[in-house]
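No hydrogens, no waters, no symmetry mates; every other heavy atom, side chains included, goes into these values.
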Amino acid sequence: MSLEIPTSVKVWSQFIHPTLMWILFALSLYALYLGVLVRRTRSAEGEAKKELIKGKFNIKHYQVGSLLLAVMVIGTLVGMGVTYINNGKLFVGPHLLVGLGMTGLIATSAALSPFMQKGQNWARYSHIFLNITLLVLFGWQAITGVDIVQRIISKM
């Protein structure tokens, strides 16, 4: 007994992953903005620090980061699943391999949170480095992803 997915669902499902990833890319830029505000709060003094603390940027950054981690992992699995459903195989190439690497980077970055909460500067600097690397790779993935979407559209 096998479940047959309607063709229309198979075709349109191919756009879930790219749409989700573009939203995630924008959310990543927002997380970067919040992270900068967290650093600014940490280094501020006096009244400026009191005002920045009111923004609760550390809590917002942590929450957005948690959402990013969850959606990145799910988005990676959705992209691979939809590709397999539509093609009967995965295309092992730079886009897939970099995407898997990015999933590992974001998991590692999130895993540094307990150390950062304990004030470990090595963890903070590692977190920043991993996330800047992640954003650069995300930009590259966006470009290669558009190329893949264009190929899908041309075959419709």
| pair Met72-Leu24: side-chain heavy atoms closer than 4.5 Å | yes
| Does atom CH2 of Trp140 have more than 12 heavy-atom neighbours from other groups under 6.0 Å away? | yes
| What pairs of residues pass the ring pair (Phe, Tyr, Trp, His ring centres under 6.0 Å) test when at least one of them lies in residues 72-120, not counting sequence neighbours? | Phe115-Trp122
| field | Transitive ILVMFWY side-chain link Phe15 to Val78, under 4.5 Å | value | no
| In Å, rounded to the nearest 0.5 Å, how long is the span from CG of Leu96 to CD of Gln141? | 9.0 Å
| Smallest separation among heavy atoms of His127 and Ser109, with atom names | ND1-OG, 2.8 Å
| request: Determine the minimum heavy-atom distance between Met21 and Thr76, stating which atoms define it. | output: CE-N, 4.4 Å
| Does Leu105 belong to the same Ile/Leu/Val/Met/Phe/Trp/Tyr cluster as Leu32, with side-chain heavy atoms less than 4.5 Å apart forming each link? | yes
| query | What are the two closest non-hydrogen atoms of Met80 and Leu90, and how far apart are they? | reply | O-CD2, 3.2 Å
| request: For Lys118 and Ser113, indicate whether the former's side chain and the latter's backbone hold a donor-acceptor pair under 3.5 Å. | output: no
| ILVMFWY cluster, Val64 and Tyr62 together (side-chain gap under 4.5 Å) | no
| query | Would Asp147 and Arg151 count as a side chain to side chain contact (heavy atoms under 4.5 Å, CB included) if you check the C-alpha gap in whole Å, the side-chain angles of each, and the deciding distance to 0.1 Å? | reply | CA-CA 6 Å; Asp147 182 53; Arg151 279 188 269 146; 3.2 Å; yes
| Which value, rounded to the nearest 0.5 Å, describes the distance between Thr103 atom OG1 and Ile106 atom CD1? | 8.0 Å
| request: Could you give me the CA-CA distance, side-chain angles and deciding distance for Met116 and Tyr125, then say whether side chain to side chain contact (heavy atoms under 4.5 Å, CB included) is met? | output: CA-CA 9 Å; Met116 290 185 289; Tyr125 292 121; over 6 Å; no
| said: Is any side-chain heavy atom of Leu69 closer than 4.5 Å to one of Val73? | reply: yes
| Which value, rounded to the nearest 0.5 Å, describes the distance between Arg39 atom CZ and Asn58 atom CG? | 13.5 Å
| remark: What one should report as the nearest heavy-atom pair of Leu68 and Ser28 is CD2-OG, 3.5 Å
| said: As an exercise, state the distance from CD of Gln14 to CD1 of Ile148, rounded to the nearest 0.5 Å. | reply: 11.0 Å
| request: Let me see the working for Val82 and Asn86 under side chain to side chain contact (heavy atoms under 4.5 Å, CB included), right down to the final yes or no. | output: CA-CA 6 Å; Val82 167; Asn86 280 286; 3.4 Å; yes
| said: Quick check: is Val36 connected to Leu130 through a chain of hydrophobic side chains (ILVMFWY, heavy atoms under 4.5 Å apart)? | reply: yes
| request: For the residue pair Tyr33 and Lys60, establish whether any side-chain heavy-atom pair is separated by less than 4.5 Å. | output: no
| request: If the plane angle is over 60° it's perpendicular, under 30° parallel, otherwise tilted; pick one for Trp22 and Phe25. | output: perpendicular
| request: Quick one: closest heavy-atom pair of Thr41 and Lys49, and the distance? | output: O-CE, 3.6 Å
| message | Testing the basics here: between Leu112 and Ala123, what is the closest heavy-atom pair and its distance to 0.1 Å? | response | CD1-O, 3.7 Å
| task | Treat each ILVMFWY residue as a node, draw an edge where side-chain heavy atoms are under 4.5 Å apart, and state whether Val71 and Leu134 are in one component. | result | yes
